[in-house]
> 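I'd like to ask you about the structure that follows.
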Amino acid sequence: MRLVDLLFPAEKFVERLLVWYGQSGRDLPWRNTRDPYRIWLSEIMLQQTTVAAVSNYYQRFLEHFPSVESLAAAPMTAVIDLWAGLGYYTRARNLHSAAKIVVDSYSGDFPADVEALQALPGIGRSTAGAILALAFDQQAPILDANVRRVLCRIGALQQPPRSTDAEKQLWHWSEQLTPLSKVHDYTQAIMDLGAMVCVPRQPLCEECPVLELCQAHDLGLEQQLPLKQVKKKLPNRHESALLINVAGRYLARRRMAEGFLGGLWEFPSVAFAEDDNSAEKAKFLLADFGLEGQLELLGSVRHTYSHFHLESSVYHVSVDCHGLVTEGENHWFSPEKLSNLALHGAHKKVLAKIYSKEK
DNA sequence: AATACGGGGAC
DNA sequence: GTCCCAGTATT
């Protein structure tokens, strides 16, 4: 493929964008700092996550871990507990291991170098660029969802934006536009433009400072671009989840640290095929704990993940002893403790079935 | 090149 | 319901 250059001078784009940013930019919790630790934390939290979802997590996380040293010294479970609800939990694991590397190999100072940053777990090209631009004011391009959309429209890119060719073209344009000076402001500005004006649906073109440079607008394609990705149907999965009650307390366990929903808490559950009997599976699971009792189906909850739907059949059972449950990752919790537990999203819905039962 | 990886808000 | 979000790592 051949890379296309933008049809206008980058300086013209940057100049207009920065004027607009000075008047209309957002005030966000991670702005007004050049602390690489804070910039890095915000960038990781914001990967594939909305600003609204991140704000409170960011503040709370910093209260517990105000420095990279404090984060590196923490147990992984404490980091996961603070991340619970944000999603994409590999980010939390990578955050923790990257913190240790920064402390051990860089004396706690983030390297101002794109290769060194990208070598840290959880930091790809765009996040490395963001840290360089925002913390060190170094000329480095980013390509997040905001910039991707702005560039798809500015350059009227007529390809699916996540295709390999499109990626190359968009990075080229991002490099072309990223200025040598005022990179910090420029980077915040182009993200704000994407978030506030050049929004996914019904872009506010009349408010756009670079409307005259926009190829999509010239062609009347601002509503069509970026092109939509072809979506595939998500498969369904099934499980039975158990609310095992002993003297008003319920059994929960922490998932293994690695893998899907790693380190989060959940109720005992077992997956089954679509045509299996959920009650039968629940009974066997209960027997695995050395327990038996009358299972009551409280209903089912549905939860959608990034790559499948889950339907969880929720069973309640009251038993009079703790069975084989003595140690390990299993614990008995009162309902009050459960509500503060780092349960994953599907089992927060499962937990809600307790309260609907108790009323 | 395709897939795994969460959860919530807007419509 | 669908679409989208300050993407990266693995296969």
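Lettering of chains follows the sequences in order, A, B, ..., and the numbering in each one begins at 1. Nothing here was measured: the structure is a model prediction, and the numbers come from that model.
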> For a ring-ring contact (aromatic ring centres under 6.0 Å, His included) with A/Phe260, tell me which candidate from A/Tyr89, A/Tyr88, A/Phe308 qualifies.
A/Phe308
> Over how many whole Å does the gap from A/Lys349 atom NZ to B/dG8 atom C1' extend?
10 Å
> B/dT3, OP1 or OP2 - any side-chain N/O from A/His307 closer than 4.0 Å?
no
> Are A/Lys353 and A/His316 linked by a side-chain donor-acceptor pair shorter than 3.5 Å?
no
> Measuring from the side chain of A/Lys228 (C-beta onward, heavy atoms only), which nucleotide among C/dC4, B/dG7, C/dA6 has the closest atom?
C/dC4
> Checking side chain to side chain donor-acceptor pair (under 3.5 Å) for the pair A/His238/A/Glu311: CA distance, chi angles, key distance, verdict?
CA-CA 5 Å; A/His238 305 269; A/Glu311 183 172 320; 4.8 Å; no
> Which nucleotide, C/dC4, C/dA6, C/dG7, lies nearest any side-chain atom of A/Arg162?
C/dG7
> Tell me what A/Ile131 touches on the nucleic acid: a base, only sugar-phosphate, or nothing, going by heavy atoms under 4.0 Å.
nothing
> Taking OP1 and OP2 of C/dG7, is either one under 4.0 Å from a side-chain nitrogen or oxygen of A/Gln48?
yes
> Using a 4.0 Å heavy-atom cut-off, does A/Ile123 contact any base of the nucleic acid, only the sugar-phosphate backbone, or nothing at all?
sugar-phosphate
> With distance as the sole criterion, is a donor-acceptor pair present between the side chains of A/Gln215 and A/Arg153 under 3.5 Å?
no
> Without decimals, in angstroms, what is the distance between A/Leu143 CG and C/dC5 P?
12 Å
> Just how far, in rounded Å, is P of C/dA6 from CG of A/Leu117?
21 Å
> Protein-nucleotides 9-11 of chain B N/O pairs closer than 3.5 Å?
none

> Quick one: A/Trp83 CH2 to B/dG7 P, roughly how many Å, whole number?
13 Å
> Send over the distance from A/Arg93 CZ to C/dT8 C1', rounded to a whole Å.
13 Å
> Once you round it to whole Å, what is the distance between C1' of C/dG7 and CZ of A/Arg91?
9 Å
> Counting the atoms with a prime plus P, OP1 and OP2 as sugar-phosphate, which does A/Leu86 contact under 4.0 Å by heavy atoms, base, sugar-phosphate, or nothing?
base
> Just N and O in the side chain of A/Lys231: are any of them under 4.0 Å from OP1 or OP2 of C/dC3?
yes
> Students often get this wrong, so: under 4.0 angstrom with heavy atoms, is A/Gln229 touching a base, only sugar-phosphate, or nothing?
nothing
> For C/dA6, does the base pair up with any side-chain atom of A/Arg26 as donor and acceptor (N or O, under 3.5 Å, distance only)?
yes
> Does A/Tyr89 have a side-chain nitrogen or oxygen under 4.0 Å from the phosphate oxygens OP1 or OP2 of B/dG7?
yes
> Please report, rounded to the nearest Å, how far the P atom of B/dG8 is from the CE atom of A/Met45.
15 Å
> For the residue pair A/Phe110 and A/Trp40, is the inter-centroid distance of their aromatic rings smaller than 6.0 Å?
yes
> Measure from the side chain of A/Arg31, starting at C-beta and using heavy atoms only, and say which of C/dA6, C/dG7, B/dG7 lies closest.
C/dA6
> Once you apply a heavy-atom cut-off of 4.0 Å, does A/Ser126 come out as touching a base, just sugar-phosphate, or nothing?
sugar-phosphate
> To the nearest Å, give me how far apart CE (A/Met191) and P (C/dG7) are.
9 Å
> A/Arg149 side chain N/O closer than 4.0 Å to the phosphate oxygens (OP1, OP2) of C/dC5?
yes
> What contact category does A/Gly85 fall into here, base, sugar-phosphate, or nothing, at under 4.0 angstrom with non-hydrogen atoms?
sugar-phosphate
> What integer number of Å spans the P atoms of C/dA6 and B/dC5?
23 Å
> I want to verify a distance call: between C/dT8, B/dG6, C/dC5, whose nearest atom is closest to the A/Thr127 side chain?
C/dT8
> Can you tell me if A/Glu239 and A/Ser312 form a side-chain donor-acceptor pair at under 3.5 Å?
yes
> Could you tell me whether A/Trp30 contacts a base, only the sugar-phosphate backbone, or nothing, with contacts defined as non-hydrogen atoms closer than 4.0 Å?
base
> Please say which of A/Leu132, A/Ile142, A/Asp137 ends up in a side chain to side chain contact (heavy atoms under 4.5 Å, CB included) with A/Thr187.
A/Ile142
> Rounded to the nearest 0.5 Å, how far does NE2 of A/His331 lie from CG of A/Leu338?
12.5 Å
> What interatomic distance, in whole Å, is found between P of C/dT11 and the corresponding atom of B/dG6?
15 Å
> Considering only heavy atoms from C-beta outward, does the side chain of A/Trp173 approach that of A/Leu157 to under 4.5 Å?
yes
> Think A/His303 has a side-chain N or O under 4.0 angstrom from the OP1 or OP2 of B/dG7?
yes
> Which whole number of Å gives the distance between the C1' atom of C/dT8 and that of B/dG9?
23 Å
> Nearest nucleotide by nearest heavy atom, which residue falls closer to the 5' end of DNA chain B, A/Gly262 or A/Lys232?
A/Lys232
